[in-house]
Structures are given as structure tokens and as C-alpha cells.
Trainee: 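Handing you a structure now.
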Amino acid sequence: MIRRRLESVIDRTLQGIRDSKELELPHIPTVEIEKTRDKKFGDYSTNIAMLLAGGLKKNPMDIAEIFLSFMPSEPGFIKEVKAAPPGFINFYLSDDFLTSSLDEIEKQDESFGAAAETNGKSVQVEFVSANPTGPLHVGHGRWAAVGDTLANVLEAAGYQVEREFYINDYGNQMALFGASVSARYAQLLDVDEKVPEDGYQGEYIKDIAKVLLDKKGKVYFDMNPEFRRQAIQQEAKEQVIEHFRLVLESFGVRFDEWFSETSLHEGEEIGKAIQELRDHGHVFEKDGAVWLRTTDFGDDKDRVLIKESGEPTYFASDIAYHLDKFERGFDTVINVWGADHHGYVARMKAAIQALGYGSERLEIIIGQLVNLFRKGEPVRMSKRTGEMVTFDDLIAEVGPDVARYLFLTRSTDSPLDFDIELAKEQSQDNPVYYVQYAHARICSILNFAESKGVAIPGPGEADLKLLKEESELDLIRHMVWFPDFVEDCATFRAPFKLTKYAEDLAAAFHLFYTKCRVVTDDAALTSSRLALVKCARIVLRNTLGLLGVSAPESM
RNA sequence: GCCCUCGUAGCUCAGUAGGAUAGAGCGACCGCCUCCUAAGCGGUAGGCCACAGGUUCGAAUCCUGUCGGGGGCACCA
């Protein structure tokens with residue numbers, strides 16, 4: 001990683017300055033290295049001189065100059081270092097370093113961009129977690145893309161990652177769902193039974209009942225109504241979960257664990273969690289209910305754990321669930337929640353603190369919603385009229401690649417406008433295709449070379465020093481940045497940044513493509529450009545891989 | 001009313017662990033295929049970073065307030 005190497009150079013330089021007593025360095029601040037946004041400032045820069053200026057009461061430019069005079073020369077890595085006002089130190093990577101990196105990329109191949117070793121930390125990412133009472137909506141699709149790509153990025157950054165789906169399969173909503181399916185089932189057998197007033201009226205309930213009838217026949221018919229409702233609820237729930245599994249799988253998302261809320265109620269977990277809270281002294285009784293004093297930890301009001309009726313609240317089971325997560329040994333637990341749950345964050349964080357865990361071990365990513373459009377017109381969704389575009393409808397219409405990619409083009413906490421027609425028709429303006437096209441073009445070049453009988457060079461076989469064109473070196477600059485970039489995406493929990501990276505990389509490739517012809521009569525140059533193009537394909541493919549988007553060989 | 005979040009080019013949005021002249025895509029306008037995929041490339045135009053204060057050598061970024069959009073404020077899940 002480039003940043004690590006620069007950190008080490010900067011560190012050694014500062015030590016040198018300190019030893020020589022040229023400057024009194026009381027302590028060395030954390031080195032910040034950023035990729036420059038403009039080439040004229042070099043490739044990477046640090047603001048260390050400006051950070052030191054305050055304490056030393058010296059002009060940052062003077063400090064930068066001193067820094068330059070002490071910096072060891074590393075010709076194989078850095079071509080040039082310059083101080084620039086108001087006190088930046090800019091590093092220019094050497095051409096040799098850039099071109100020789102290609103061998104490294106090719107050697108690492110699929111693992112290029114991923115940390116060489118694990119960082120020893122485990123993290124669980126919980127996402128989607130829909131109630132199994134009906135189809136997933138497009139918002140769930142967005143959380144799925146965000147959660148899964150975040151998990152990919154964390155894995156690449158060296159974390160041990162688990163993906164988990166929490167099944168909210170307990171409580172009133174489930175009972176209503178069961179009763180609704182049960183009524184539809186009865187109706188199919190010509191028994192006049194009404195779907196409950198506040199039950200689920202959607203057409204899909206009929207479909208579930210139909211499948212149930214086809215699969216199980218009339219076995220529920222003779223049961224007493226309550227027993228029948230429960231049995232049907234169980235079957236219907238399994239049907240919906242299986243549907244979730246299939247839809248998410250078609251979207252490239254596979255969970256390691258499906259955790260049922262009901263299982264918490266069946267076991268001792270909830271009681272255990274409440275006892276633990278009690279032991280920590282945060283539980284009290286009032287108005288016949290049992291409360292958790294979440295206000296001790298910054299919540300704006302205290303919350304009920306056990307209702308007057310003796311039933312635990314959803315909050316209580318959620319606490320038990322989070323306790324279970326920590327007891328499973330995760331260092332960090334990340335939840336991707338829909339925006340409608342954000343009022344819940346403070347109390348959940350309070351709860352885990354009441355259990356004695358640091359609040360930083362629970363991270364909650366609030367995902368904003370998706371607004372669907374069709375040719376600029378908002379798609380009205382109403383469960384009543386049945387006018388609904390579900391997540392699987394969307395996948396069927398635009399395809400998983402387009403959906404996944406576009407879901408990740410906006411930062412997670414800003415709402416996303418998704419125009420279905422634009423997504424599938426305006427292909428030339430579609431960033432997904434722009435990136436995929438770069439990959440397909442590369443494959444086409446390699447095919448063309450092969451068809452001409454040109455040998456594709458293996459690692460170390462091409463003379464990479466022949467790559468001197470600006471567009472060639474710029475393309476490599478984007479590629480060698482990749483591992484650092486992936487690490488940033490992980491530390492900032494910002495999977496959506498990858499789409500921008502992918503577009504910039506594709507742009508660098510497209511520019512190279514128009515400026516430089518790969519397969520020419522110059523055998524040596526052809527060989528080195530083929531090596532470059534092969535590496536560009538690796539990085540492009542790995543980027544798309546993290547995004548969960550396919551890398552087509554032709555388009 | 002209280003809490004959270006957002007407000008950046010005509011549109012959709014990046015950029016916020018304070019840093020250099022605020023970026024991209026789309027839309028508009030002008031160019032580029034005898035040649036490995038034109039689903040591409042180059043160029044032009046477009047900004048009081050909602051507003052007002054404050055902190056700082058330096059603020060789109062941090063703090064306070066105002067205005068505007070979205071969301072949330074259950075012994076529901």
C-alpha cells in the first residue's frame with residue numbers, strides 16, 4: 001500500500017529532523033496522507049508541516065523546506081517531492097514504481113486490493129431484516145446492496161465478517177399476517193372467512209394461500225381456527241423467507257445467518273438479558289411495567305421492557321438479540337437500518353451501554369429510502385390498490401447489475417431517486433454500462449490480439465518501462481491507489497464510494513484507449529500495453545466484484 | 001414542540017477525521033470513427049457551497065441561530 005510506504009518515509013524523515021535538533025519536535029502528530037485531486041500537486045500529499053507549524057510557531061513553508069532537506073531519497077518509489085504554499089508537501093511517484101506495480105497487480109490478481117492479512121477483528125453486518133409478512137420493497141433492495149457491499153469491503157480490508165438477517169417473525173404483525181393467509185386459504189375452499197380489518201389485504205396473500213393449498217392440500221381444514229391460524233402462519237412465514245432467500249440470492253446476496261426473533265422468545269434469552277440489565281442497576285418498575293433507564297445513557301425518555309400485561313416489548317427482545325451478538329464474540333456490530341428506524345438508535349445504544357458494552361461497538365447505518373420514478377413521474381405505491389413495485393419486480397425489470405450499482409451511487413444517508421426507464425433505456429448515460437463497457441473493451445482487445453496471433457505476456461514478460469504516455473501512467477496511478485481506497489471505504493463504512501472509483505478508473509481506461517493503440521506492429525510496445533490492459537481488467541473486475549456487479553466480456 | 005438528517009452548477013449528486021483555484025454525471029452548445037467495441041474521447045458554457053453570525057493562519061467541512069425538504073418522537077413491530 002502506497003500510504004503505508006509514504007507514512008514510513010515521512011516517519012523516518014521526522015525522526016531524522018528530531019535527531020539533528022534542527023527542529024524541536026515535541027511529539028509527532030498523526031500523519032495524514034491524502035491523494036491529491038489535481039495532478040499538478042503530485043500524486044499524494046501531506047499537511048504535516050502545517051500541523052507542526054502551530055506548535056513550533058514557525059512558517060509552515062519553512063518547516064516543509066526543512067522536511068525536504070531531510071527526506072531520504074527513494075528513487076524507486078518517489079520521483080520528486082515539493083513544498084507548495086501554504087505548506088503542503090507533495091509526493092510524485094516515480095514512473096518505475098508505477099510500471100513495476102503492474103507485475104505486482106498481475107501476481108495478486110483476484111486478491112489485489114485486499115489486505116494481505118487479517119486485522120484480527122471480527123464484525124457482523126446485519127441488514128435487510130424485513131418482517132416476513134410480504135415481499136421486499138425497493139428500500140430493502142438498497143439496504144441489501146449497501147450491507148452486502150459493505151461486508152465485501154470490510155472483508156477486503158481484513159476483517160472477519162458475518163452477514164446476518166434478523167427475522168422479525170414475532171408479535172402482532174405476524175399474527176395478523178397468519179390470520180390473513182388463513183382467511184384466504186379458507187376462501188379458496190369456499191368457506192366465507194374475512195381477512196381481518198387491519199390485516200394484510202394485498203393480492204400476494206392469496207398467492208401464498210394458493211401455494212399452501214397446492215402443497216399441503218386441505219390438512220388445515222379440519223383444525224380449530226386458532227390452531228389452523230398458527231399452523232398456516234408458520235408455513236406462510238417459511239414461504240416468505242424462502243422467497244427472501246431467492247430474491248436476495250438473485251441479487252448476489254447470501255447471508256451467513258438467518259436469526260429468528262421467535263427463537264429468543266422460545267428460549268431464556270430475553271429473561272437473561274433483562275436480568276443482566278437489572279444486575280447493572282438500570283432497571284426499575286413503574287405503573288405495573290418494567291423499565292430500562294435509558295436516560296442514563298443519553299436517551300430522551302426511559303423505555304419499557306416488560307409491559308403491564310407481562311409481555312416483553314420488541315425493545316426487550318432486541319436487547320436480548322444484541323446481547324447475543326456480543327456474546328457470539330463480534331468486536332463490532334453494524335446494523336443497516338431503514339430511515340424509519342432512526343428514532344430507535346439512541347435507545348439501542350443506551351441499552352448496550354446498560355449491558356456494559358462500549359457504545360462504539362454498535363454502529364448503526366441509517367439508510368434513506370428509494371423514490372421510484374418512471375420517465376420522470378413518481379411511481380405511486382399503494383398497498384390498497386395493489387399498485388406496487390416490489391424489489392423482485394425491480395430486479396426483473398432492470399436486472400441485478402443495474403439495480404445494485406445504482407443503489408450504491410448515492411451516499412447511504414441521502415434519499416435516492418431511481419428512474420426505472422432511465423435505468424434500463426438510457427444505456428449510454430448509465431454509469432453501470434460505462435464501467436462494464438470498459439471491461440468488455442479490454443476483453444475485446446485481448447481477443448483481438450489473440451486472433452492476430454499476438455502472444456499475451458505473462459507476469460514479468462513485458463518490458464513495462466516502455467509505458468511512458470501520460471494516459472498510460474495515469475491509468476496505472478488509478479490502479480495502484482485501489483488498495484488504499486478500499487481500506488478507506490472500510491474505515492468510513494462507505495461502500496457507495498466504490499462506484500465513483502469505478503467510474504474514474506473506467507474513464508482513465510477509456511482515455512488511454514483513445515490515445516493509445518494497443519495492438520500495433522511494434523511487438524515490444526504491444527506486449528507492454530497488453531500487460532497494462534490485463535492489469536486494468538483485474539482492477540476493474542475486482543472493483544465490480546466488491547460492488548457485486550458482473551464484469552461482462554462483451555456488450 | 002423536541003430529536004435526527006439533508007440543503008453545493010439548469011437537474012441528480014460527490015466532496016465534511018478543517019487545507020491548495022469547490023468536482024462528476026446528466027442536460028445545452030462545438031468537435032472526433034479508413035484504425036483493437038463511438039455504450040467511447042476532447043472542448044465550451046454553467047457556483048454568493050440555503051442564510052446570518054462565530055472559532056481558526058485557513059471553513060462547503062466545526063459551533064450557534066434562522067429558513068426550507070425528509071424522517072422520527074408507543075406498554076407497535
Side-chain angles (χ1 to χ4, degrees), chain A residues 30 32 34 36-38 40-41 45 47 50-51 53-54 59-60 84-88 90 131 133 168-176 261 286-291 299-301 303-318 338-347 366 368-369 371 376 409-411 413-419 422 426-438 440-449 451-452 454 471 491-492 496-497 499-500 503-504 506-507 509-520 526 529-530 533 554-555:
Chain A
T30 317
E32 275 177 43
E34 59 178 22
T36 56
R37 59 161 203 278
D38 193 321
K40 70 170 176 254
F41 299 129
S45 75
N47 62 352
M50 289 182 283
L51 291 179
N59 184 333
F88 288 100
N90 296 329
N131 293 30
T133 56
N168 290 127
D169 57 354
Y170 187 86
N172 292 342
Q173 290 308 310
M174 279 312 287
L176 276 171
E261 183 189 356
K286 193 182 91 183
D287 304 333
V290 177
W291 298 68
D299 196 8
D300 39 6
K301 53 185 88 157
R303 309 290 173 174
V304 171
L305 293 170
I306 298 176
K307 305 180 215 172
E308 217 176 333
S309 65
E311 279 278 294
T313 58
Y314 177 80
F315 183 46
S317 62
D318 222 9
D340 51 336
H341 282 76
H342 97 254
Y344 199 73
V345 174
R347 83 186 69 163
I366 292 299
Q368 292 292 329
L369 299 165
N371 303 310
T409 52
R410 298 279 174 271
S411 91
D413 48 26
S414 87
L416 172 70
D417 290 342
F418 191 107
D419 193 306
L422 225 63
Q426 278 211 356
S427 47
Q428 70 272 29
D429 304 331
N430 198 319
V432 195
Y433 296 122
Y434 181 81
V435 175
Q436 289 183 320
Y437 184 61
R441 256 185 163 175
I442 291 171
C443 295
S444 171
I445 294 169
L446 295 172
N447 286 335
F448 178 81
S451 76
K452 292 276 174 192
V454 178
S471 65
T491 48
F492 293 116
F496 66 91
K497 284 173 191 277
T499 52
K500 180 73 165 75
E503 284 157 41
D504 289 345
F509 170 75
H510 286 309
L511 182 58
F512 157 77
Y513 179 88
T514 34
K515 298 260 186 199
C516 301
R517 200 181 155 82
V518 176
V519 181
T520 62
T526 296
R529 284 189 175 157
L530 283 171
V533 149
S554 68
M555 288 173 73

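FYI, side chains are in, hydrogens and waters are out, and symmetry mates aren't considered; it's all heavy atoms of this structure. Every chain is numbered from 1 and lettered A, B, ... according to where its sequence line falls, protein lines coming before strand lines.
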Trainee: Please report, rounded to the nearest Å, how far the P atom of B:rA74 is from the NE2 atom of A:His341.
Mentor: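 To the nearest whole Å, that distance equals 14 Å.
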Trainee: If you take all heavy atoms of A:Glu503 and A:Pro431, which pair is closest and at what distance?
Mentor: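 Shortest heavy-atom contact: OE2-CB, 3.4 Å.
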Trainee: Between atom CZ in A:Arg303 and atom P in B:rG72, what is the gap in whole Å?
Mentor: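 About 15 Å, once rounded to whole Å.
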Trainee: Between atom NZ in A:Lys301 and atom C1' in B:rG1, what is the gap in whole Å?
Mentor: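 Atom NZ in A:Lys301 sits about 12 Å away from atom C1' in B:rG1.
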Trainee: Check whether A:Tyr513 forms a cation-pi arrangement with A:Arg441 (NZ or CZ under 6.0 Å from the six-membered ring centre, at most 45° off the ring normal).
Mentor: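 Yes.
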Trainee: I'd like to know if the side chain of A:Asn430 reaches the main chain of A:Val432, judged simply by a donor and an acceptor atom lying under 3.5 Å from each other, with no hydrogens or angles considered.
Mentor: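 At least one qualifying donor-acceptor pair exists.
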Trainee: Could you work out which one of B:rC75, B:rA20, B:rG71 sits closest to the side chain of A:Thr36?
Mentor: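 Closest of the options to the side chain of A:Thr36: B:rA20.
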Trainee: Does B:rG40 pair with anything, Watson-Crick or G-U wobble, both distances under 3.5 Å, and if so, with which nucleotide?
Mentor: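 The answer is B:rC32, by the H-bond criterion.
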Trainee: Roughly, in whole Å, what's the span from CZ in A:Phe41 to C1' in B:rA20?
Mentor: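 Roughly 4 Å, once rounded to whole Å.
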Trainee: From B:rG40, B:rA14, B:rA20, pick the nucleotide closest to the side chain of A:Ala84?
Mentor: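 In terms of side-chain proximity for A:Ala84, the closest of B:rG40, B:rA14, B:rA20 is B:rA20.
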Trainee: Answer syn or anti for B:rC33, where the cut-off is 90° from 0 on the glycosidic torsion.
Mentor: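 Nucleotide B:rC33 adopts syn.
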Trainee: Check every strand shown and say whether A:Cys443 touches a base, only sugar-phosphate, or nothing at a heavy-atom separation below 4.0 Å.
Mentor: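 No contact.
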Trainee: What's the closest nucleotide to the side chain of A:Phe496 if the choices are B:rC75, B:rA14, B:rA74?
Mentor: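 Within the option list, the nearest is B:rA14.
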Trainee: Can you check whether A:Ser309 has a side-chain N or O nearer than 4.0 Å to OP1 or OP2 of B:rC75?
Mentor: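 So the side-chain polar atoms of A:Ser309 never come under 4.0 Å of the phosphate oxygens OP1 or OP2 of B:rC75.
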Trainee: Checking all strands, does A:Ala339 fall into the base, sugar-phosphate, or nothing category for heavy-atom contacts under 4.0 angstrom?
Mentor: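 Result for A:Ala339 = sugar-phosphate.
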Trainee: Considering only the C1' atoms, how many Å lie between B:rC49 and B:rU16, rounded to the nearest integer?
Mentor: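 Straight-line distance between the two C1' atoms is 12 Å.
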Trainee: Return the pairing partner of B:rU55 with a 3.5 Å limit on both distances, Watson-Crick or G-U wobble; otherwise return none.
Mentor: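 When the pairing criteria are applied, nothing turns out to pair with B:rU55, so the answer is none.
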Trainee: Counting only side-chain nitrogens and oxygens, does A:Lys500 get under 4.0 Å of the OP1 or OP2 atom of B:rG25?
Mentor: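 For A:Lys500, the contact criterion (side-chain N or O under 4.0 Å from OP1 or OP2 of B:rG25) is not met.
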Trainee: Give the nucleotide from the list B:rG18, B:rA20, B:rA77 with an atom nearest to the side chain of A:Glu32.
Mentor: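 Nucleotide nearest to A:Glu32's side chain: B:rG18.
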Trainee: When the P atoms of B:rA45 and B:rC63 are compared, how many Å lie between them, rounded to an integer?
Mentor: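 So the two P atoms sit 37 Å from each other.
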Trainee: Take atom OH of A:Tyr344 and atom C1' of B:rC3, then tell me their distance rounded to the nearest Å.
Mentor: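 Computing the A:Tyr344:OH to B:rC3:C1' distance gives 17 Å.
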Trainee: Taking atom types as modelled, find out whether A:Glu261 and A:Ser317 have a side-chain donor-acceptor pair closer than 3.5 angstrom.
Mentor: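 Their side chains do contain a donor-acceptor pair, which is all the 3.5 Å distance test asks for.
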Trainee: Need one value for A:Thr520: base, sugar-phosphate or nothing, where a base atom within 4.0 Å counts as base even if backbone is also close, heavy atoms only.
Mentor: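 Since no nucleic acid heavy atom lies under 4.0 Å of A:Thr520, the category is nothing.
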Trainee: Should A:Ile366 and A:Gln368 count as side-chain neighbours, where that means a heavy-atom distance under 4.5 Å?
Mentor: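 The answer is yes; the side chains approach within 4.5 Å.
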Trainee: In the strands shown, is B:rC11 matched to any nucleotide by a Watson-Crick or G-U wobble pair with both distances under 3.5 Å, and which?
Mentor: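 Base partner found: B:rG25.
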Trainee: Got a donor-acceptor contact below 3.5 angstrom from the A:Arg410 side chain to the A:Pro415 backbone?
Mentor: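 Checked: no pair found.
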Trainee: CG of A:Asp38 versus C1' of B:rU21: gap in Å, rounded?
Mentor: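 For the pair A:Asp38 CG and B:rU21 C1', the rounded distance is 9 Å.
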Trainee: Does any N or O donor sit under 3.5 Å from an N or O acceptor when you compare the side chain of A:His342 with the base of B:rG71?
Mentor: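 Under the 3.5 Å cut-off, the side chain and the base do form a donor-acceptor pair.
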Trainee: Determine yes or no for a side-chain-to-main-chain donor-acceptor pair under 3.5 angstrom, with A:Thr133 supplying the side chain and A:Met174 the backbone.
Mentor: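 The answer is no, because no donor-acceptor pair under 3.5 Å joins these two groups.
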Trainee: Taking atom P in both B:rG15 and B:rA50, compute the distance separating them and give it to the nearest angstrom.
Mentor: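 Nearest-Å result for B:rG15 against B:rA50 at atom P: 15 Å.
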Trainee: Does A:Thr526 put a side-chain nitrogen or oxygen below 4.0 Å from OP1 or OP2 of B:rC36?
Mentor: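 No, outside the criterion.
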Trainee: Could you check which of B:rU12, B:rG71, B:rC35 has an atom nearest any side-chain atom of A:Arg517?
Mentor: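 Selected nucleotide: B:rC35.
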Trainee: Using the P atom as the point on both nucleotides, what is the distance between B:rG31 and B:rG23, in whole Å?
Mentor: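 My reading of the P atoms in B:rG23 and B:rG31 gives 27 Å.
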Trainee: Work out how far the P atom of B:rA20 is from that of B:rG58, and round it to whole angstrom.
Mentor: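 Each nucleotide's P atom is 14 Å from the other's.
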Trainee: Work out how far the C1' atom of B:rC13 is from that of B:rG72, and round it to whole angstrom.
Mentor: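 25 Å, rounded to whole Å.
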Trainee: How many whole angstroms separate atom CZ of A:Arg37 from atom C1' of B:rA24?
Mentor: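 Interatomic distance, CZ of A:Arg37 to C1' of B:rA24: 13 Å.
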Trainee: May I have the distance from A:Met174 (atom CE) to B:rC76 (atom C1'), rounded to whole angstrom?
Mentor: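 In whole Å, B:rC76 C1' and A:Met174 CE are 15 Å from each other.
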Trainee: Report the base-pairing partner of B:rC2 (Watson-Crick or G-U wobble, both distances below 3.5 angstrom), or none.
Mentor: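 Base-paired to B:rG72.
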Trainee: Side chain of A:Tyr513: nearest nucleotide among B:rA20, B:rA38, B:rA39?
Mentor: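 Given the options B:rA20, B:rA38, B:rA39, the side chain of A:Tyr513 is closest to B:rA38.
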Trainee: Compare every heavy atom of A:Phe315 with every heavy atom of A:Tyr344, then report the nearest pair and how far apart it is.
Mentor: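 Heavy atoms of A:Tyr344 and A:Phe315 come nearest at OH-CA, 3.2 Å.
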Trainee: For B:rC2 and B:rA9, measure between their P atoms and round to the nearest Å.
Mentor: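 Result for the P pair: 29 Å, nearest Å.
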Trainee: Does a side-chain N or O of A:Lys40 approach OP1 or OP2 of B:rA20 to a distance below 4.0 Å, or not?
Mentor: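 No, outside the criterion.
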Trainee: Counting side-chain heavy atoms from C-beta on, which of B:rA38, B:rU12, B:rG42 comes nearest to A:Leu511?
Mentor: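 Given the options B:rA38, B:rU12, B:rG42, the side chain of A:Leu511 is closest to B:rG42.
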Trainee: With rounding to whole Å, what would you report as the distance between B:rG69 and B:rU12 at their C1' atoms?
Mentor: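 These two C1' atoms come out 15 Å apart once rounded.
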Trainee: Report yes or no: do A:Asp413 and A:Ser411 form a side-chain donor-acceptor pair below 3.5 Å?
Mentor: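 Looking only at side-chain atoms, A:Ser411 and A:Asp413 do form a donor-acceptor pair, the distance falling under 3.5 Å.
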Trainee: Give none if B:rA17 has no partner; otherwise give the nucleotide forming a Watson-Crick or G-U wobble pair with it, both distances under 3.5 Å.
Mentor: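 Paired with B:rA17, as far as the under-3.5 Å criterion goes, is no nucleotide at all.
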Trainee: Quick check against the 3.5 Å criterion: does A:His510 have a side-chain atom that pairs as donor or acceptor with the backbone of A:Tyr437?
Mentor: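 No, because the side chain of A:His510 does not come within donor-acceptor range (under 3.5 Å) of the backbone of A:Tyr437.
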Trainee: By nearest nucleotide on RNA chain B, pick out whichever of A:Glu308 and A:Lys515 is the more 5' one.
Mentor: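 Looking at the nearest nucleotide for each, A:Lys515 comes out on the 5' side.
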Trainee: Across the strands shown, which category fits A:Ser317 at heavy-atom distances under 4.0 angstrom: base, sugar-phosphate, nothing?
Mentor: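 Nothing, no heavy atom under 4.0 Å.
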Trainee: What's the closest nucleotide to the side chain of A:Tyr437 if the choices are B:rG15, B:rC13, B:rA39?
Mentor: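 So the side chain of A:Tyr437 is nearest to B:rA39.
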Trainee: Side chain of A:Asn172, heavy atoms from C-beta onward: which of B:rA38, B:rC36, B:rC76 has the nearest atom to it?
Mentor: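 Closest nucleotide among those given: B:rC76.
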Trainee: Among B:rG15, B:rG40, B:rA22, find the nucleotide with the atom closest to the side chain of A:Lys497.
Mentor: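 For the A:Lys497 side chain, the nearest candidate turns out to be B:rG15.
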Trainee: Could you check whether A:Phe492 gets within reach of a base, just the sugar-phosphate, or nothing at all, counting any heavy atom under 4.0 Å?
Mentor: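 Base contact - A:Phe492 has a heavy atom under 4.0 Å of at least one base atom.
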Trainee: Examine B:rC35: is either OP1 or OP2 under 4.0 Å from a nitrogen or oxygen in the side chain of A:Lys452? Give yes or no.
Mentor: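 A:Lys452 to B:rC35 OP1/OP2: no side-chain N or O under 4.0 Å.
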Trainee: NA contact type, A:Asn90, heavy-atom cut-off 4.0 Å: base, sugar-phosphate, or nothing?
Mentor: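 Base, at least one base atom sits under 4.0 Å.
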Trainee: Regarding A:Asp318, tell me which of base, sugar-phosphate or nothing describes its non-hydrogen contacts under 4.0 Å with the strands shown.
Mentor: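 Nothing, no nucleic acid heavy atom in range.
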Trainee: By nearest nucleotide on RNA chain B, pick out whichever of A:Leu416 and A:Ala506 is the more 5' one.
Mentor: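 Nearest-nucleotide comparison on RNA chain B picks A:Leu416.
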